[in-house]
Amino acid sequence: MSLDAERIRSALRTRIIGRSLEVKARTGSTNDDAREAAQRAAPSGHVVVADAQDQGRGAHGRVWSSPGGTDLYVSILERRTLDMARLPWLTLAVGLGLRDAVARELPGSVQIKWPNDLLVDDKKCAGILVESSSTGMQVGPFVIGVGLDVNRSAFAPELAPIATSMRAAAGRDFDRNELLARVLGAVESRVDALYRGELDGLREAFSRHLAWVGASVRVDALEGVLVGLDPDGALAIETDAGRRSARSGTLRRV
Ligand code: BTN
């Protein structure tokens, strides 16, 4: 079924996110669209969703594969700022919300690969890209981009070994309009918890769904056993030289 603003609106149970909504058949990047909307004074919670992207952007300058007709490419404008110390928690809170919405639809394991990937049966099913501007110690507004592989049945050869979709995991198609409404609701609830300062609860929930705990991993130059999540949202790794924290970088298994 195609993306439809009226269907999304009628399924939406949020307070703010998606109450201002733009649905596009095709665009460059919804993150760019949301940033432009911010400059045109769009309200906090404004959402841009596209059926296809020509310049879908992933983390670390990578391309986000964005064909039409199957998946969700969505960006949320968040105007509330965060102090620098809480910044890492925004991506983690969005990931938790995304996981809440996806896990209720799927039978198998749904985990979060720190900091921004959703793994279904240990393959990547979604990614998050938060972009922001900063003024001093306060960061924001934010554009929160989410790419979720929903009904895709085939991936390019380089993605096939590492990527999956909800359809591949569940053996059925999903209504993207209803799913989007659920994702926005779950993300709103976790992000609101962050702005209320409920970091202990977020950390406890995130830790329960953190992928690769106990595995040998590497984040850039840090190598060791993944222990868990630090209170500041960094990844704790037990290395030969003791416990260290990774605050950015790409997590890999070794
Ligand atoms: C990642 O590398 O895992 C993050 C992927 C984020 C992709 C989404 S799709 C919607 C939004 N628009 C973009 O250009 N990127 C994000």
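Whatever order the structure lists ligands and atoms in, that order sets their numbers, starting from 1. Small disclaimer: the values here were computed from a predicted structure and weren't measured.
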Participant: When you look at CG of Asp54, are more than 12 heavy atoms from neighbouring residues, nucleotides or ligands closer to it than 6.0 Å?
Facilitator: yes
Participant: Please tabulate protein-ligand N/O pairs under 3.5 Å for ligand 1, atom names and distances to 0.1 Å.
Facilitator:
| from | atom 1 | to | atom 2 | distance (Å) |
| --- | --- | --- | --- | --- |
| ligand 1 | 2 (O) | Ala59 | N | 2.7 |
| ligand 1 | 3 (O) | Lys124 | NZ | 2.6 |
| ligand 1 | 12 (N) | Thr30 | OG1 | 3.2 |
| ligand 1 | 12 (N) | Gln53 | OE1 | 3.0 |
| ligand 1 | 14 (O) | Ser29 | OG | 2.7 |
| ligand 1 | 14 (O) | Arg57 | N | 2.7 |
| ligand 1 | 15 (N) | Arg57 | O | 2.7 |

Participant: Donor-acceptor check, side chain of Arg203 to backbone of Leu229, threshold 3.5 angstrom: yes or no?
Facilitator: yes
Participant: Say whether Arg152 and Ser65, considering side chains only, have a donor N or O and an acceptor N or O under 3.5 Å apart.
Facilitator: yes
Participant: Test side-chain contact (heavy atoms from CB on, under 4.5 Å) on Arg190 and Val94; report intermediate values, then the result.
Facilitator: CA-CA 7 Å; Arg190 294 294 192 176; Val94 172; over 6 Å; no
Participant: Kindly say whether Thr14 contributes a backbone atom to a donor-acceptor pair with the side chain of Arg19 at under 3.5 angstrom?
Facilitator: yes
Participant: Do Ile162 and Leu148 sit in the same hydrophobic cluster, where Ile, Leu, Val, Met, Phe, Trp and Tyr count as joined when their side-chain heavy atoms come under 4.5 Å apart?
Facilitator: no
